[in-house]
Amino acid sequence: MTEPSIFTRILDGEIPAEILAETDRLFALRDIAPQAPVHLLVIPKTAEYRTVAELAAGDPALLAEMIAFAAELAAANTHDGDFRLVFNSGPNAGQTVFHVHAHVLAGGLTEKSVGA
Ligand code: AMP
């Protein structure tokens, strides 16, 4: 058994955090270390998928739900609804939590770089 991820522990109420919004299969948090004026995380409730590639292969409909939810959150949290979606995939790409999640970044983003 691997340890539950920090996101599972938040979802289970073991670690305090404000869940901004949720659906039956997803929830959203504010990133604790924001890299943009708006920096939200969209997270599947299941911890079954570690990376976005695993999710795309295993449950593409859930990946599509993540993107639609990200768009709804951006619409609710920005004046224009524009957002950048980042999935860090693998430790050498900056992934630190191996429970797939999307970074939703918005506000004052003018560079083309994708670092979250
Ligand atoms: P990644 O590095 O792509 O795996 O993203 C993990 C993200 O989770 C980082 O941006 C962290 O700042 C964020 N994070 C870690 N712990 C928490 C927490 N307790 N609440 C909200 N965000 C967190």
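First listed ligand is number 1; within each ligand, the first listed atom is number 1. All values derive from a computational prediction rather than experimental measurement.
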Is [X] touching ligand 1 with its side chain, its backbone, both, or neither, if touching means heavy atoms under 4.0 Å apart?
{"X": "Ile15", "result": "neither"}
{"X": "Ile6", "result": "side chain"}
{"X": "Phe7", "result": "side chain"}
{"X": "His101", "result": "side chain"}

**Q.** Atom pair CG/OG1 of Asn88 and Thr96 - distance to nearest 0.5 Å
**A.** 8.0 Å
**Q.** Nearest-0.5 Å distance, CG of residue Leu29 to CG of residue Leu41
**A.** 6.0 Å
(Q) Under 4.0 Å, counting heavy atoms only: does Val86 come that close to any atom of ligand 1? (A) no
Q) Does some non-hydrogen atom of Gly94 fall short of 4.0 Å from ligand 1? A) yes
**Q.** Charged N-O contact under 4.0 Å between Arg9 and Glu3
**A.** no
Q: Check each atom of ligand 1 against the heavy atoms of Ala33 and keep those under 4.0 Å away; list them by number with element.
A: 12 (O)
**Q.** Heavy-atom nearest neighbour of atom 13 (C) of ligand 1 within options Val100, Val97, Thr96, Asp31
**A.** Asp31
Closest contact, heavy atoms only, [X] versus [Y]:
{"X": "Pro4", "Y": "Thr8", "answer": "CB-CG2, 4.1 Å"}
{"X": "Leu73", "Y": "Ala28", "answer": "CD1-CB, 3.6 Å"}
{"X": "Val97", "Y": "Gln95", "answer": "O-NE2, 3.0 Å"}

Q.
Could you identify the single nearest non-hydrogen protein atom to atom 19 (N) of ligand 1 and state the distance to 0.1 Å?
A. Ile10 CD1, 3.7 Å
Q.
Looking only at the aromatic ring of each residue, does the gap between the centers of His99 and His101 stay below 6.0 angstrom?
A. no
Q.
Between ligand 1 and Gln95, is the shortest N or O to N or O distance under 3.5 Å?
A. no
Q.
Please report whether ligand 1 has a polar contact with Ile32, defined as an N or O pair separated by less than 3.5 Å (distance criterion only).
A. yes
Q: Give a yes or no on this: more than 12 heavy atoms of other residues, nucleotides or ligands lie within 6.0 Å of atom CZ of Arg25.
A: yes
